[in-house]
Amino acid sequence: MVNISEQSDASLITRPAHVAIVMDGNGRWAKKRLMPRAAGHKAGVGALQKIIETASTADIECLTVFAFSSENWNRPKMEVSILMDLFVSSLNKYLPELIKAGVCLRFIGDRSAFSEKLISSLTEAEKRTRGNTGLKFNIAMNYGGRWDITHATKQLLLDVQSGSVSQDDINEDVFSRYLSLADLPAVDLFIRTGGEHRISNFLLWQCAYSELYFSDTLWPDFDGEHFLSALQCFSGRQRRFGRTGDQLEADIQPQQKA
Ligand code: IPE
Ligand code: IPE
Ligand code: MG
């Protein structure tokens with residue numbers, strides 16, 4: 001069992017600055033209980049609320065969750081419609097709490113496909129939390145990593161055409177400024193619940209060097225303790241970024257002596 005107070009002690013674990021979560025398993029959670037899939041999605045919102053609290057307590061700087069992928073339009077119309085309604089109602093329900101907790105909300109993805117009602121809820125939530133200095137909480141809706149890269153490319157091309165960026169100056173750093181979440185650290189820890197071992201077109205660029213953590217727990221059952229276990233696991237990983245383990249240890253030793 002992982003103790004929250006222990007986890008809050010920065011000396012005990014290496015904390016990821018940015019955690020991304022694919023919240024998967026709502027439908028199976030409901031099916032196991034002979035309930036409609038919608039009940040699973042509703043329970044999923046409750047689970048998310050607890051994870052936001054835990055992430056804030058654990059001093060995580062940024063949390064980005066996958067709520068609706070560009071591919072999820074392929075689901076039955078009724079399920080898509082239920083999800084869209086749930087986004088509006090959940091935002092209305094939880095926004096006051098999020099504001100109180102100092103959370104800064106941002107939505108990433110192509111919102112042009114959404115209803116005016118949903119678009120104005122998203123814009124309003126962003127506006128009302130913009131100045132908050134607590135957890136940076138990002139919700140990916142109608143988001144796809146390929147969409148993000150394509151969209152960034154188009155924006156960059158516009159700047160090349162207008163002359164504000166020279167083609168010769170384009171490099172990874174310049175390109176990444178056109179992507180979603182460009183101002184935030186890259187994703188350190190990528191969590192997927194629900195037992196599937198895939199990225200499903202989530203933050204492809206931003207997760208290039210993430211530590212991956214897969215949990216069999218279905219999203220509505222994923223609680224604070226599960227989240228802290230993922231953090232604990234992350235703190236035991238050696239992030240090499242191309243270097244050898246020996247190189248890393250050689251770098252770390254002088255710091256330990258100091
Ligand atoms: C994730 O749960 C939520 C969304 C994709 C909106 P699923 O609905 O994919 O749940 P499973 O995978 O069918 O159990
Ligand atoms: C990924 O889950 C998207 C979200 C959690 C919003 P899916 O359940 O849609 O992913 P696939 O289709 O099984 O890969
Ligand atoms: Mg799924």
Side-chain angles (χ1 to χ4, degrees), residues 18-52 55 62-94 105-115 118-119 121-122 125 137-151 179-181 187 189-208 210 212-223 226-227 230:
H18 192 165
V19 179
I21 310 181
V22 178
M23 309 181 290
D24 195 24
N26 294 350
R28 280 163 286 162
W29 183 92
K31 198 169 178 184
K32 261 171 62 180
R33 289 164 177 76
L34 307 177
M35 290 157 94
R37 291 178 62 84
H41 295 312
K42 205 170 161 206
V45 176
L48 178 57
Q49 177 61 15
K50 293 206 190 83
I51 297 304
I52 296 168
C62 320
L63 175 68
T64 303
V65 297
F66 210 2
F68 191 86
S69 74
S70 18
E71 290 72 32
N72 285 145
W73 297 108
N74 293 330
R75 294 195 174 197
K77 270 198 166 57
M78 179 60 97
E79 181 166 346
V80 171
S81 159
I82 285 171
L83 281 167
M84 295 297 145
D85 289 346
L86 187 64
F87 294 146
V88 176
S89 62
S90 306
L91 253 183
N92 288 340
K93 182 173 172 194
Y94 289 106
L105 250 176
R106 194 190 305 186
F107 298 91
I108 59 168
D110 180 5
R111 59 182 87 177
S112 66
F114 295 145
S115 68
L118 178 53
I119 294 172
S121 295
L122 305 184
F137 176 45
N138 313 302
I139 307 183
M141 285 170 59
N142 192 20
Y143 176 88
R146 289 176 179 171
W147 166 82
D148 202 354
I149 293 168
T150 311
H151 180 258
L179 290 161
S180 302
L181 310 179
V187 174
L189 173 62
F190 173 103
I191 300 173
R192 181 173 185 138
T193 64
E196 310 294 350
H197 294 183
R198 56 178 174 256
I199 297 173
S200 297
N201 197 17
F202 199 22
L203 302 154
L204 298 178
W205 179 287
Q206 298 86 340
C207 285
S210 305
L212 306 180
Y213 181 89
F214 296 102
S215 165
D216 287 335
T217 304
L218 301 173
W219 174 250
D221 291 329
F222 194 82
D223 59 18
H226 289 107
F227 183 76

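Whatever order the structure lists them in is the order used to number ligands and atoms, beginning at 1. All of these numbers come straight from a predicted model, not from anything done at the bench.
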Q) Could any protein non-hydrogen atom be found less than 4.0 Å from atom 12 (O) of ligand 2? A)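 For atom 12 (O) of ligand 2 the answer is no, since every protein heavy atom stays at 4.0 Å or beyond.
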
Q. Once you round to the nearest 0.5 Å, how far does CG of D216 lie from OG1 of T193?
A.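 So the gap between those two atoms works out to 10.0 Å.
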
Q. How many angstroms lie between CD in E196 and CZ in F214, if you round to the nearest 0.5 Å?
A.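 Going from CD on E196 over to CZ on F214, the span is 10.0 Å.
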
If you measure from [atom] to every heavy atom of [options], which option wins on shortest distance?
atom: atom 6 (C) of ligand 1; options: G40, A38, A67; result: A67
atom: atom 2 (O) of ligand 2; options: M141, R192, E71; result: R192
atom: atom 14 (O) of ligand 1; options: R28, K32, R75; result: R28

Q: Over 60° means perpendicular and under 30° means parallel, so classify the ring planes of H226 and F222, tilted if in between.
A: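 Parallel.
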
Q) Which heavy atom in A30 sits nearest to a heavy atom in R37, and how many Å separate them? A)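 Where A30 meets R37 most closely, the heavy atoms are CB-CA, 3.9 Å.
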
Non-hydrogen side-chain atoms of [X] and [Y] separated by less than 4.5 Å:
X: W147; Y: N142; result: no
X: L179; Y: I149; result: yes
X: D221; Y: W219; result: no
X: F202; Y: R192; result: no
X: L63; Y: V65; result: yes

Can an N or O of [X] be found at a distance shorter than 3.5 Å from an N or O of ligand 1?
X: D24; result: yes
X: R37; result: yes
X: F68; result: no

Quick test: of every protein heavy atom, which one is nearest to [atom], and how far off is it to 0.1 Å?
atom: atom 10 (O) of ligand 1; answer: G27 N, 2.9 Å
atom: atom 3 (C) of ligand 1; answer: N26 ND2, 3.6 Å
atom: atom 9 (O) of ligand 2; answer: N72 ND2, 2.9 Å
atom: atom 1 (C) of ligand 1; answer: M23 O, 3.1 Å

So is [X] close enough to ligand 1, meaning a heavy atom under 4.0 angstrom away?
X: G44; value: no
X: H41; value: yes
X: G25; value: yes

Are [X] and [Y] linked by a side-chain donor-acceptor pair shorter than 3.5 Å?
X: D148; Y: Y143; result: yes
X: E79; Y: H41; result: yes
X: S69; Y: N72; result: yes

Q.
I need the atoms of ligand 2 closer than 4.0 Å to a non-hydrogen atom of R198, numbered in the order shown.
A.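 Atoms satisfying the 4.0 Å criterion: 11 (P), 13 (O), 14 (O).
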
Q: Identify, by atom number and element, the atoms of ligand 2 in contact range of V22, meaning under 4.0 Å from any of its heavy atoms.
A: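 Counting atoms of ligand 2 from 1, those under 4.0 Å from V22 are 1 (C), 5 (C).
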
Q.
With 2.8 Å as the limit, count the protein N, O or S atoms near the Mg ion (ligand 3).
A.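 Excluding waters, the total comes to 1.
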
Q: Could you tell me whether R75 sits above the aromatic face of W73, with NZ or CZ closer than 6.0 angstrom to the six-membered ring centre and within 45 degrees of the axis?
A: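 That pair does not qualify as a cation-pi contact.
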
Q: Before signing off on this row, confirm whether S69 and ligand 2 have an N or O atom pair separated by under 3.5 Å.
A: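 By distance alone, the answer is no.
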
Q.
Salt bridge check, R146 against E71: does any charged N sit closer than 4.0 Å to a carboxylate O?
A.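 Between R146 and E71 there is no salt bridge, as every charged N stays at least 4.0 Å from the carboxylate O atoms.
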
